[in-house]
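Sequence lines set the chain letters: A, B, ... in the order given, protein chains first and strands last, and positions in each chain run from 1.
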Amino acid sequence: SQTIHQWPATLVQPVGSPLSLECTVEGTSNPNLYWYRQAAGRGLQLLFYSVGIGQISSEVPQNLSASRPQDRQFILSSKKLLLSDSGFYLCAWSVKTGSQETQYFGPGTRLLVL
Amino acid sequence: AQSVTQPDIHITVSEGASLELRCNYSYGATPYLFWYVQSPGQGLQLLLKYFSGDTLVQGIKGFEAEFKRSQSSFNLRKPSVHWSDAAEYFCAVGAFNTDKLIFGTGTRLQVFP
């Protein structure tokens, strides 16, 4: 069966520091991968998605970036964090079966920028 | 453009009561529809999905949802709510020609004993 991991689970970082959040998927090949952010009391905002190694689509201009160095690894980064980067970051994966695609989510990383 | 509306931000029900969470979507073609549940501090768990076929969809944890094209709705229902159902519920819409989902803003469910 497929599993998705995110780490760290919780992170407290000072403003201006760098960021690296990692997401890995097991038990599937060539998944689509997604990064979402969920601010306190709000819905999900799609940040990046990837349909293959090295292929990244950005949905929202910001100081964050994403990379996919391996088929089942998706990394969210920042060179300098802002206070507004605080939130709950969710990684998701999906595989298309014909025209049907379902996204499955990881446990999330809670980021607090102080 | 696709959009999803969950009109109820917060719903409170008594344990054992029936539940209906509303979801309305806007999309020009046949949508793919999903309901997810999120417990505090956790990721999202898929409850059920609709791609085609029978418009009444059964999901996990005793939930069901009905796709009504004429009303552009995909409401989530449960006949008898349990205290453990207290969580936030998200409706989402996808489409044939896109890899992305559009999420509603969520409905927070509170259950009283």
Side-chain angles (χ1 to χ4, degrees), chain A residues 1-11 21 23 25 30-52 55-60 74 87-112, chain B residues 1-10 21 23-25 27 29-54 57 59-60 65 67 87-110:
Chain A
S1 65
Q2 300 88 0
T3 56
I4 179 170
H5 304 278
Q6 288 187 244
W7 65 86
T10 304
L11 190 60
L21 303 182
C23 171
V25 182
N30 196 30
N32 288 351
L33 296 172
Y34 305 82
W35 277 113
Y36 290 87
R37 177 170 57 202
Q38 189 176 27
R42 302 182 66 178
L44 280 77
Q45 179 186 36
L46 179 63
L47 301 176
F48 301 94
Y49 72 99
S50 170
V51 299
Q55 301 178 63
I56 308 295
S57 296
S58 174
E59 291 295 300
V60 181
F74 204 23
F88 192 49
Y89 289 82
L90 289 160
C91 181
W93 70 273
S94 70
V95 173
K96 269 189 174 177
T97 304
S99 62
Q100 300 178 359
E101 180 178 355
T102 302
Q103 290 187 23
Y104 299 93
F105 286 79
T109 293
R110 185 160 303 283
L111 172 65
L112 179 60
Chain B
Q2 300 170 48
S3 67
V4 178
T5 302
Q6 293 182 248
D8 304 306
I9 297 174
H10 186 201
L21 302 183
C23 173
N24 294 98
Y25 68 90
Y27 186 63
T30 299
Y32 300 152
L33 295 160
F34 307 82
W35 274 101
Y36 289 86
V37 60
Q38 184 181 32
S39 297
Q42 304 295 314
L44 275 68
Q45 181 182 21
L46 179 69
L47 281 176
L48 47 80
K49 57 188 176 183
Y50 171 80
F51 288 117
S52 64
D54 193 346
V57 180
I60 62 172
F67 171 55
E88 186 135 24
Y89 292 79
F90 292 93
C91 181
V93 61
F96 171 75
N97 60 347
T98 178
D99 297 307
K100 297 180 285 186
L101 291 180
I102 305 297
F103 283 85
T105 51
T107 297
R108 181 167 299 278
L109 174 66
Q110 193 171 9

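Looking at A:Thr102, the atoms closer than 4.5 Å to chain B (heavy atoms on both sides) sit in the backbone and in the side chain alike.
Side chains of B:Gln38 and A:Gln38: a donor on one and an acceptor on the other come within 3.5 Å. A donor atom on one side chain and an acceptor atom on the other are not found under 3.5 Å apart for A:Gln55 and A:Ser50. Neither side chain, B:Glu88 nor B:Tyr36, offers a donor N or O lying under 3.5 Å from an acceptor on the other.
For the set B:Gln6, B:Gln45, B:Lys100, the count of heavy-atom pairs under 4.5 angstrom toward chain A peaks at B:Lys100. Of the listed residues (B:Gly41, B:Ser52, B:Ala92), the greatest number of heavy-atom pairs within a distance under 4.5 Å of chain A belongs to B:Gly41. In terms of non-hydrogen atom pairs under 4.5 Å with chain A, the most contact-rich of B:Leu46, B:Leu44, B:Ile9 is B:Leu44.
Remark: A:Arg110 qualifies as a cation-pi partner of A:Phe88 under the 6.0 Å distance and 45° angle criteria applied to the six-membered ring.
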